[in-house]
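Each ligand, and each atom within it, is numbered from 1 in the order the structure gives. Here, residue 1 is the first one in the sequence, and each next residue gets the next number.
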Amino acid sequence: MFKKIYIGSDHGGFSLKELIIAQLKNASVVVDKGAFTTASCDYPVFAQAVSQAVLADPGSCGILICGTGIGMSMAANRIKGIRAAVCTDAYTTRMTRAHNDANVLCLGERVTGPGVAAEIVDLFLVTEFEGDRHLKRINLFEE
Ligand code: RB5
């Protein structure tokens with residue numbers, strides 16, 4: 001269970017970021033790394049800020065939101081040690097935690113509605129990595 005969450009978005013994910021912060025405020029510590037307005041901005045800046053914070057704080061995770069989730073995931077996955085996954089449903093969310101030990105969840109505000117996004121966030125935070133053969137596989141990412 002992740003209790004500390006670093007969250008970030010660009011303008012395309014700003015509204016969903018605010019909803020998720022409100023969703024989590026009683027259950028988790030959430031650190032908002034921006035954006036702080038809906039002004040047009042560059043998603044890699046926030047992907048990097050959240051990813052570096054997650055790497056510096058073992059046991060934490062990140063949530064990144066842009067229009068599709070894809071740009072955020074591309075930018076985050078450039079950073080060694082980050083395993084960022086775009087999730088659009090419960091199954092992919094559960095599997096990316098159980099098998100990939102994803103440490104950053106990426107969402108697309110223009111793709112996934114607020115109800116499904118809330119369910120995905122809850123599932124991502126509680127689903128444990130299964131380890132075992134999957135640990136060997138994710139370690140191969142770093143070769
Ligand atoms: C911004 O218009 C949009 O390109 C961005 O939010 C994201 O979807 C990129 O992957």
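Per-residue contacts place Gly67 under 4.0 angstrom from the following atoms of ligand 1 (heavy atoms of the residue considered): 5 (C), 6 (O), 7 (C), 8 (O). Residue contact check: Gly71 has heavy atoms under 4.0 Å from atoms 10 (O) of ligand 1.
The minimum heavy-atom distance linking Leu125 with Cys61 is given by the pair CD2-SG, 3.7 Å. Across all their heavy atoms, Thr88 and Val116 have their closest contact at O-CG1, 3.9 Å.
Ranking protein heavy atoms by distance to atom 4 (O) of ligand 1, first place goes to Tyr43 CE2, 4.6 Å. Scanning all protein heavy atoms for the shortest distance to atom 6 (O) of ligand 1 gives Asp10 OD2, 2.6 Å. Protein heavy atom at the shortest distance from atom 3 (C) of ligand 1 is Arg110 NH1, 3.9 Å.
Proximity of atom 10 (O) of ligand 1 to the protein is indicated by at least one non-hydrogen atom lying closer than 4.0 angstrom.
Contact annotation: for His11 versus ligand 1, heavy atoms closer than 4.0 Å belong to the side chain alone.
Remark: ligand 1 and Ile70 share no N or O pair separated by less than 3.5 Å (distance only, no angle test). Between Thr68 and ligand 1, an N or O atom pair is found at a separation short of 3.5 Å. Close N/O approach between Gly12 and ligand 1 is not found [any backbone or side-chain N/O within under 3.5 Å].
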task = Output, in order, the C-alpha distance, side-chain angles, deciding distance and verdict of side chain to side chain contact (heavy atoms under 4.5 Å, CB included) for Ile138 and Leu135.
result = CA-CA 5 Å; Ile138 66 169; Leu135 179 61; 4.3 Å; yes
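Residue Met74 places its CE atom among 12 or fewer non-hydrogen atoms of other residues, nucleotides or ligands, all under 6.0 Å distant. No more than 12 heavy atoms of other residues, nucleotides or ligands sit less than 6.0 Å from atom CG of Asp42.
No continuous path of ILVMFWY side-chain contacts below 4.5 Å connects Val54 to Phe124, so the two sit in separate hydrophobic clusters.
A donor-acceptor contact closer than 3.5 angstrom is absent between the side chains of Asn77 and Ser73.
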